[in-house]
Amino acid sequence: MKKEIDFGAIIFLIILMIGVCGCTMNNSNLPNSTESKVCLSQRQKDILLAQDLPTEYKDLSISQQRAIVAIENMLCYVEEKYNTSFSYAGYIAASTLEKEHMRAFPTSGDIEVDSFTITRTDDGYEDDFINIITNTKFTSYICESLKSLAPNTEIKVFTEITETFLLEVPTNNADFDGKVESSLWIFVDEATFAEQNLNNFKVRFTTFMKEHELYGITQIVLLREGKIAYLTRYNYTDYLSDDYYVSREMVYIN
């Protein structure tokens, strides 16, 4: 079952005034007399079309105008920062409970698994895209470590980095140590691993994570023989049902 991202119902209930026409404009204080001259980028129009809204700025409500402007400015911020094209995934306005923020994903990526958050702050914007671009390398790091803990064992690892203290993408595994918090799902095939060895594996894995200061929550799931072949990054949560596993252990590193 895919992870669901449902922002459509709350996309344009927003209050914010920023720029309008692509990445080069900032029209947060446009006087009413110039409203009819405001143009929207094709990307903004596509977002509006997807919500069955008018694509002419003057035909939008005030809140919709401010929303579509804010969305474009946030996308422009990350595109300039990472020199990568991004697409819209959802938007939430500032309120007493939370800051204004939006969800985006690399245009060449997948909205289901590659989405991240851009947040408006007092100083501009901040984002957690580093969690997405380092995820593959971090997963490889964990997989390499598991090979030494359980040789000749078929294992699949799925990772969600929840927080990093990284300023750039690591060039080696040691760069992750002490700088990443994550949720991990480690699936082990019963055909290549005996259940009686699971507790020892859990202890050794916990020791490794603590030594490297890799904090977070891990689920170690011993799958019934042959089930591991069907796991993908889109459906692995389906296999957390006891219909599919022999044993399931939780590890908390804090």
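Checking T117, T119, L75 one by one against M102, the side-chain contact (heavy atoms from CB on, under 4.5 Å) holds for a single residue, L75.
For the residue pair E79 / N83, no side-chain donor-acceptor distance below 3.5 Å is found, with atom types taken as modelled.
Aromatic ring orientation, F205 versus F201: parallel (interplanar angle below 30°, classes split at 30° and 60°). Note: H212 and Y141 have perpendicular aromatic rings, judged against thresholds of 30 and 60 degrees for the angle between ring planes.
Within a 6.0 Å radius of NZ in K81, other residues, nucleotides and ligands contribute more than 12 heavy atoms. Remark: K202 NZ is packed, more than 12 non-hydrogen atoms of other residues, nucleotides or ligands lying under 6.0 Å away. By the neighbour-count criterion of 12 heavy atoms within 6.0 Å, atom CD of E168 is sparsely surrounded, having that number or fewer from other residues, nucleotides or ligands.
Distance alone, capped at 3.5 Å, places no donor-acceptor pair between the S241 side chain and the D238 backbone.
The shortest side-chain heavy-atom distance between V221 and W185 does not fall under the 4.5 Å cut-off. Contact annotation: the side chain of L240 approaches that of F187 to within less than 4.5 Å [non-hydrogen atoms, C-beta and beyond].
Between the CZ atom in F105 and the CD1 atom in I111 there is a gap of 4.5 Å [rounded to 0.5 Å]. Separating the CZ atom in R204 from the CG atom in N199 is a distance of 12.5 Å, to the nearest 0.5 Å. We find the CD1-OG1 distance between I142 and T218 to be 7.5 Å, quoted to the nearest 0.5 Å.
Looking at E100 and R66, no side-chain N of the basic residue comes within less than 4.0 Å of a carboxylate O on the acidic one, giving no salt bridge. The pair E190-R224 does not meet the salt-bridge criterion, since no charged nitrogen lies less than 4.0 angstrom from a carboxylate oxygen.
F86 and F129 have their aromatic ring centers within a separation under 6.0 angstrom.
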